[in-house]
Amino acid sequence: MDCLLELVLEKKDTNSKARAGYIDTDHGRIQTPIFMPVGTQGTVKAVTQKSLKEEVEAQIILGNTYHLYLRPGTEILEKAGGLHKFMNWDKPILTDSGGFQVYSLSELRKLTEEGVKFRSHLDGSEHFFTPEKVIGIERSIGSDIMMVLDECTPYPCEYDYAKNSKDMTTRWAVRNKEAFENSEPLYGHKQHLFGIVQGSVYKDLREQSARELVDIGFDGYAVGGLAVGEPAEMMYDTVDFTTDFLPEDKPRYLMGVGRPENILENIARGIDMFDCVMPTRNARNAYLFTSRGYLAMRNARHKEDFTTVDPECDCYLCKNFTKAYLRHLFIANEILALQLASLHNLRFYLNLVTKAREHIIAGTFTEWKNETVKIISKNVNSTQED
RNA sequence: GGGGAGGCGCCAAAGUUGGAGAGUUGGGGCGGACUGUAAAUCCGUUGGCUAAGCCUUAGGGGGUUCGAUUCCCUCCCUCCCCA
């Protein structure tokens with residue numbers, strides 16, 4: 001089995017657990033820590049592939065097994081030659097398994113030991129997902145990094161439920177791994193498989209889960225089931241605790257996180273990879289992240305503000321347009337607003353992790369992180385009033 | 001010039017056989033939320049005040065009535081048809 005993926009460590013921070021490194025895939029190198037834009041349905045909403053590559057400088061993006069299976073379906077994906085060719089994206093792709101939909105579509109699914117039965121949110125039709133079936137779909141998609149099928153538990157989550165769920169996720173992980181080893185990539189490039197640590201906010205369950213998954217052996221390890229409503233400190237504690245049980249030479253991926261400050265805090269706790277819908281979804285809802293804090297672009301106070309959104313940002317929006325213009329586009333419900341804002345937020349996230357990486361390598365990470373978190377987590381206006 | 005229809009909140013409409021009205025629906029405005037995307041979505045708010053209450057308010061003015069947004073008179077305005 002020639003599928004092992006390694007995280008090559010370049011530098012470890014001395015004051016924190018932050019790491020800088022890289023991961024090589026057949027579609028190119030990923031420098032870590034990294035943020036991965038979410039492209040659920042084979043598109044990062046409102047951003048072209050050209051822009052993702054040349055302006056955001058995304059190194060890897062996400063796709064979603066559940067959504068791509070429903071539409072366009074594996075037959076089309078296979079005829080297209082896989083998702084890379086279908087969407088004309090030649091850099092790495094990671095696919096989530098549908099485990100998040102177990103959480104987010106909880107009213108439309110039924111869980112059993114064998115798998116999860118979904119009623120399609122599109123047409124109500126029934127579909128049964130098992131670890132084996134999900135691996136098959138991810139082969140059809142051709143993602144560079146495939147995620148195992150897991151159960152993302154909600155918060156709060158009773159201990160007994162969390163334990164049973166974690167145990168099932170571990171049993172599913174075994175089946176995922178077997179299905180992975182018993183199948184082959186379809187398009188000539190290597191595919192890798194990540195396990196997902198569960199256990200809600202219970203440390204003993206997180207430890208068990210991590211140890212069990214490491215025993216099974218994966219190309220990388222994700223921390224799942226967080227950022228589902230628990231306090232940020234609880235998320236940080238859980239991550240901090242969990243990463244101690246994960247191998248140093250494998251990538252660590254915190255699923256679904258998060259706000260810019262969440263990302264920096266979790267880099268400090270030993271995470272290498274992040275994804276989140278927040279930069280794109282919030283962009284479409286007129287909420288912009290900047291190096292000085294966040295901005296609600298629909299607010300009337302920007303009506304006559306002819307300054308740039310973020311003077312420290314090098315994106316197309318910030319180099320060419322004013323807050324007043326962007327606000328006008330949002331108020332007028334113009335599509336360009338969504339495009340410019342999405343581009344900006346993604347560029348901000350990529351710039352943020354790039355800076356984090358530079359500071360880790362320079363040995364100045366912790367100080368920079370602490371200062372940056374204070375600034376970027378505030379509303380820009382209240383920052384100015386300070 | 002003649003005939004007809006109609007004017008309610010910031011806007012556009014609904015409704016009211018005379019009694020629930022600061023009150024319906026949509027839009028707009030203002031504010032908030034969003035974390036492995038059922039999301040260009042969702043939520044709150046949107047007359048005033050000395051604020052568990054009170055006041056003002058249905059084109060303007062007047063009248064009938066215990067009671068009028070509703071009925072009558074008059075003036076103003078908008079739209080449609082005819083000349």
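Naming convention: chains lettered A, B, ... in sequence-line order (proteins, then strands); numbering from 1 in each chain.
Among A:K53, A:Q49, A:K85, the single residue meeting the side chain to side chain donor-acceptor pair (under 3.5 Å) criterion with A:D90 is A:K53.
Nucleotides B:U57 and B:G62 are separated by 12 Å at their P atoms, to the nearest Å. Atom name P, nucleotides B:G23 and B:G53: the rounded distance is 12 Å, in whole Å. Between the C1' atoms of B:G47 and B:U41, the separation comes to 31 Å (whole Å). B:U25 and B:G9 have their C1' atoms separated by 13 Å, given to the nearest Å. Across the C1' atoms, B:U64 and B:U56 are found 24 Å apart, a figure rounded to whole Å. Distance check on atom P: B:U35 versus B:U17 gives 48 Å, rounded to whole Å. For B:A12 and B:G60, the P atoms lie 15 Å apart once the distance is rounded to whole Å. Comparing the P positions of B:A20 and B:G29 gives an interatomic distance of 34 Å, to the nearest angstrom.
Residue A:D150 places a side-chain atom within donor-acceptor reach of the base of B:G36, judged by atom type and a 3.5 Å distance cut-off alone. No donor-acceptor contact under 3.5 Å links the side chain of A:S104 to the base of B:U37. Counting atom types as modelled, A:R259 pairs no side-chain N or O with a base atom of B:U35 as donor and acceptor under 3.5 Å.
Side-chain N/O atoms of A:R284 include none lying less than 4.0 angstrom from OP1 or OP2 on B:C42.
When ring centroids are compared, A:H328 and A:H302 stay outside the 6.0 Å threshold. Ring to ring, A:F129 and A:Y69 are close: their centroids are under 6.0 angstrom apart.
When the nucleotides B:G36, B:A38, B:U37 are ranked by their closest atom to the side chain of A:N64, B:U37 comes out on top. In this structure, the nucleotide among B:G36, B:C30, B:A38 sitting nearest to the side chain of A:S97 is B:G36. The side chain of A:L338 sits closest to B:A40 out of B:G36, B:A38, B:A40. When the nucleotides B:C34, B:G31, B:G36 are ranked by their closest atom to the side chain of A:Q198, B:G36 comes out on top. For A:C152, whose side chain is taken as the heavy atoms from C-beta onward, the closest listed nucleotide among B:C30, B:G36, B:A33 is B:G36. With distances taken from any side-chain atom of A:N299 to the nucleotides B:G32, B:A40, B:G36, the minimum falls on B:G32. Side chain of A:Q101, nearest nucleotide from B:G36, B:A38, B:C30: B:A38.
Side chains of A:Q59 and A:K91: no donor on one and acceptor on the other come within 3.5 Å. In the model, A:R347 has a side-chain atom that pairs as donor or acceptor with a side-chain atom of A:N351 under 3.5 Å. With 3.5 Å as the limit, one finds a donor-acceptor pair spanning the side chains of A:Y236 and A:N262.
The residues A:E107 and A:R119 are annotated as not salt-bridged, no charged nitrogen and carboxylate oxygen being separated by less than 4.0 angstrom. In summary, A:R269 and A:E265 engage in a salt bridge, as defined by a charged side-chain N under 4.0 Å from a carboxylate O.
Positionally, the nearest nucleotide of RNA chain B for A:A232 lies more toward the 5' end than for the other of A:R281 and A:A232. When the nearest nucleotides of RNA chain B are assigned to A:N285 and A:R301 by heavy-atom distance, the more 5′-ward of the two goes with A:R301.
Within 4.0 Å of A:L62, counting heavy atoms only, lie sugar-phosphate atoms of the nucleic acid but no base atom. A:Y287 comes within 4.0 angstrom of a nucleotide base, judged by non-hydrogen atoms across all strands. Counting any heavy atom pair closer than 4.0 Å across all strands shown, A:S120 reaches no nucleic acid atom. Residue A:L70 is classed as having no contact, given no heavy-atom separation below 4.0 Å to the nucleic acid. A:L108 comes within 4.0 angstrom of a nucleotide base, judged by non-hydrogen atoms across all strands.
Ring geometry, A:Y294 versus A:Y287: the interplanar angle falls under 30°, so the pair is classed parallel (tilted spans 30 to 60°).
Counting to the nearest Å, the C1' atom of B:U35 and the CD atom of A:E230 are 9 Å from each other. Whole-Å rounding puts the A:K378 NZ to B:G32 C1' distance at 20 Å. When rounded to the nearest whole Å, the span between NE2 of A:H67 and P of B:G36 equals 11 Å. Between A:F100 atom CZ and B:U35 atom C1' the separation is 8 Å, expressed in whole Å. To the nearest angstrom, P of B:A39 lies 15 Å from CG of A:N282. For the pair A:F330 CZ and B:A40 P, the interatomic distance rounds to 12 Å; values are reported in whole Å. In this structure, CD1 of A:I335 is placed 17 Å from P of B:A39, rounded to the nearest angstrom. Rounded to whole Å, the distance from CE on A:M297 to P on B:A40 is 19 Å.
For A:E113, the CD atom sits in a packed shell: over 12 heavy atoms of surrounding residues, nucleotides or ligands are nearer than 6.0 Å.
Here the side chains of A:C315 and A:F348 are not in contact, with every heavy-atom distance at 4.5 Å or above.
Taking A:K319 as the reference, nothing meets the side chain to side chain donor-acceptor pair (under 3.5 Å) condition, with sequence neighbours excluded.
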Completion exercise
Encoded 5' to 3' (Watson-Crick or G-U under 3.5 Å; [ ] crossing; | other strand), RNA chain B becomes (((((((..((((.....[....))))((((((.......))))))(((...)))...(((((..]....)))))))))))).
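Contacts with RNA chain B (heavy atom under 4.0 Å) in residues 38-47 of chain A: A:V38, A:T40, A:K45, listed by number.
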